[in-house]
Each structure stands twice: as C-alpha cells, then as structure tokens.
Protein chains: 2
Amino acid sequence: MEKVDGRLVRGDQTRRAVLRRAVDIASVDGLEGLSIGRLASELGISKSGLFAHFGSKEELQLATIRAARRIYADAVVTPAYEVEPGLGRLFALSESWLEYSRSRVFPGGCFFQKVSHEYAARGGAVQEALAGAHQEWMGLIENVVREAVERGEVDVDPAQLAFDLNAYYEAANLASILHNDEAPYEQARQSIRARLESARVGKSR
Amino acid sequence: MEKVDGRLVRGDQTRRAVLRRAVDIASVDGLEGLSIGRLASELGISKSGLFAHFGSKEELQLATIRAARRIYADAVVTPAYEVEPGLGRLFALSESWLEYSRSRVFPGGCFFQKVSHEYAARGGAVQEALAGAHQEWMGLIENVVREAVERGEVDVDPAQLAFDLNAYYEAANLASILHNDEAPYEQARQSIRARLESARVGKSR
DNA sequence: AAACAATACGAACGGTCGTATTATTAGTTT
DNA sequence: AAACTAATAATACGACCGTTCGTATTGTTT
C-alpha cells in the first residue's frame, strides 16, 4: 500500500525523488552509469535503503524508463495535443520536440535516444522496454500525420513522413549535444519546414 | 620502434589484434563497457600485458576510435570515391553507408553513432575526438554534395542536404538495431531517393 | 656470447559495483 | 502506551574495475 487517503506515504516520496534524479543521471551517463551507490550518495540516503525500493538494478532501470516516459509525455506530447489535429498539430509536435531537446529537459539531451543506443544491441528487459517506447513514439507521430492526411492537408505515407521527421529530431539532438551548439535545431527546423511543405496537397508542381 | 624493414614486430601485431576486438566490443557495449580485463581474457592474453600497450584506459579508448575510423573509411568512404563525383557518388555514399550498417561491419551497428551518444554529454578527450569525427564526416558528405552542385546536377545548400542524409542514415541504424529488423533501411532508401529527387535541377515544378 | 630493449606475465593494490542479511527507526493501528 | 508494519540504515560479501609493480621471456644489436 503506497497511498493512504490519497496522501503519499514516506516511501513513495523517496521513490519519486530517486527517479527524478535517476533520469537526469541516466541521460548523461546512461542506465549503466546510473549506479545505486552514486545515486544514493547524491540524494543523501543510504545505498541499501534505496536498493530496497527496487530490489534489483534492472528494476531501477525499468522504473527510470517509466519515469522518463512520463516527463517526455508532459514535455512533448501534451503541448502538441492542445493544438487542433492536422498540420498544425504536426508542426506543434515538431516544435515541442526540438524545444524539449534544446532546453535540456534532461541534462544529457533526449533520454530515450541516449539509452536506446546504449541498450539497442544487448537484449533483455531494458532493451525490450526501449524498443516498445520507440514503437509507441513512432506510432504517435504516424497518428498525428494521419490526422493531417484525413483532413486533406497532406498527401503522404504516414510511416514515411514519421520516419523523416523523427530522423531530423534525433540528428539535431545528437549534433547539438556533441558540439554544444544550438545551430542544429535551426537546421532541423529548416528540414521539417521543407519536408512538410513538400507533403502539402495543392503544392506548386 | 614498431617496424623493422617494414616488417611488423611482435608488439604491433598484438596491438592490432586488441584494437580489432576492441571496436567490436565497443560497438555493442560502449567504450565504457570495453573493460581491459574482459578484452584481455577474450584474447587470451594477460590484463597487464594488454594495459602496457596503452598506458591508460582513455588511451585505449582513443586508439579504438582511431581504429574504428580506419574501418569506417574502408567500408563507407572508399567505395563511394570509386564512383565519379556528382550525384552518382552521393548515391553511392548513401548506399555504402546503409550497407555498412546493415551488414554489421561492427556487430552493434554504427560504431560512431553508438559511442558518440555515450560520450556526447560528458566532456574530455574522448568526447572531443568523437566531436571531431562527426565534424569530419559531415564535412565529407558536404563535399560530395558540393561536387554534385558544381556539376549542376543539384541545387541545394550542401550543409542542409548533408544534415538530412545523415539523419536518415542514423535513424535507420538505430531502428534496425533496436528492433532487429532490416525494414528501416528500405525506409531510409525511400527518404534518400525522394530527397535527392527534390534537389535535382530541372525537376518538375 | 654479452648487453640491451621490447614485450608479456602474475600478483596485488584500493575502489566501486550489485546484492544479501540484519538491525534500527518512524508511522499507523489498536 | 503497546503492537505492528513500512521504511531506512548499517554492515558485509564476492566480483570486477583500472592501475602499479617486479619479474620473466623474447628478440635484436653489439
């Protein structure tokens, strides 16, 4: 039991604090570099006490992924879904993604891109969770594209446009972190604009 | 002295064998997961003997990056430069990149994408070497694009087209490894075709 | 054959890792 | 206030980390 009368008990507060710090560490040093001892000492709690919350390193990693997903949804998805469906929402999604990366919602840039590369070739529960998150995210872009197609604003294969847009996002994120430079976001914006323009129906041809 | 009459002495052979294995390990488990003890035991040599070749873990990592660069150049760049400059070479570069990733020249997919994400947000000599490699690679694509521009085959901003193409490569690489699926390469090919087609001069408009 | 590097080895160092066991504290319920 | 439970802490373990050291082996040069 973690809740009493809707009020959080002690243990759940700790869990939240742990995971908030964990996603930040992992976005810089990865889910492997996320060590229990370091996490505990940074939070000023005991290693064993922290460990007891999760039972294993892998469970901590999976919980960290779920926590990152919530933050990601709040920063990227929610703002876009406040815009009406169609091309406008697709633009909004692109803008909120770039802003999510640029503003370093996670200090190491996009959490999922970082740890997905870390575990992509490894197998196991963590890899599977990340593969699932990737699929979920690509599906979400496709759905937003499809809304624009259904409204007759664009004429494209949703999966193909989703692939391109996601590619621009990721390329900008990596280049920006690697060179500590914001210019790649402007390049990505240019690519997005051009790509969406070329997808519009009734475009000059 | 490492060479005598152009013949390799013992130590250099070991170094080569170490680095050949190191790039493979790092492409799966990263430059941090590349541990000296593991590397030595996989090669059947002593940990201290291996260590003596590099003097520090960081030097081993930097040497591994240089070794990966040579393999990358052989697999991706050299084949493309056997094609005449212009749009043909740009296509060839794209094809050889996708084939480099698909055929798992490194078992974990693109070495540089993997370790660049690992060290992008960390600073230090390794991060700087990887930032340099990224810049060198983007510059190479731009030059190939520029050759096509100078021949009047396309009309684009070389940096912008290089950004897009590289984005397609990387997105395909990650998706393929994460889902153990070759379909992303076909998606990337489609994106590349469309993007190059839209850049051609004398295109229908 | 003697001298000299280059190369490789085994053993050990202090640290940190994830994990298990046991004890102590704090909060809630009776 | 006593009993009970959930949460945190203390301590310890074996494994592995990068690194250092002294020594043996090998190959080349004199």
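Chain identifiers are assigned alphabetically (A, B, ...) following the order of the sequence lines, protein sequences preceding nucleic acid strands; residue numbering begins at 1 within each chain. A quick note: this is a predicted structure, and the numbers were derived from the prediction, not measured.
Among the atoms of the strands shown, none is found under 4.0 Å from any heavy atom of Leu50(B). As judged by a 4.0 angstrom heavy-atom cut-off over every strand, Ser35(B) is placed among residues touching the sugar-phosphate backbone only. Nucleic acid contact for Ala52(A): base, since at least one base atom lies under 4.0 Å from a heavy atom of the residue.
A straight line from CG of Leu39(A) to C1' of dT16(C) spans 15 Å, rounded to a whole angstrom. Straight-line distance from the CZ atom of Arg16(B) to the C1' atom of dT7(C): 17 Å, rounded to whole Å. One can place CG of Leu34(B) at 13 Å from C1' of dC17(D), the figure rounded to the nearest angstrom. Spacing between atom CD1 of Ile36(A) and atom P of dA20(C) amounts to 10 Å, rounded to whole angstrom units. Gln61(B) has its CD atom 13 Å from the C1' atom of dC17(D), to the nearest Å. Protein atom CD of Glu58(B) is 14 Å distant from nucleotide atom C1' of dT19(D), rounded to whole Å. Between the CZ atom of Arg38(B) and the P atom of dG18(D) there is a distance of 11 Å, rounded to whole Å. Atom P of nucleotide dA8(C) and atom CG of Leu43(B) are separated by 11 Å, given to the nearest angstrom.
The base of dG10(C) lies outside donor-acceptor range of the side chain of Ser46(B), with no N or O pair under 3.5 Å. No hydrogens or angles were tested; on distance alone, nothing pairs the side chain of Lys47(B) with the base of dG10(C) as donor and acceptor under 3.5 Å.
Taking the six-membered ring where tryptophan is involved, the planes of His179(A) and His134(B) are tilted, since the angle between them lies from 30° to 60°.
Taking a cutoff of 4.0 Å between a charged side-chain nitrogen and a carboxylate oxygen, Asp29(A) and Arg38(A) qualify as a salt bridge.
For the pair Ser56(A) and dG18(C), the criterion of a side-chain N or O lying under 4.0 Å from OP1 or OP2 is not met. Between dT8(D) and His53(A), a contact under 4.0 Å exists linking OP1 or OP2 to a side-chain N or O. Residue Thr14(A) has a polar side-chain atom (N or O) positioned under 4.0 Å from OP1 or OP2 of dT8(D).
A donor-acceptor pair shorter than 3.5 Å cannot be found between the side chains of Glu99(B) and Tyr185(B). For Ser191(A) and Arg195(B), the side-chain atoms include no donor-acceptor pair closer than 3.5 Å.
The nucleotide whose nearest atom lies closest to any side-chain atom of Ser48(B) is, among dA9(D), dC21(D), dG18(D), dC21(D).
Test Phe112(B), Tyr168(B), Tyr169(B) against Trp97(B) for ring-ring contact (aromatic ring centres under 6.0 Å, His included) and you get one pass: Tyr169(B).
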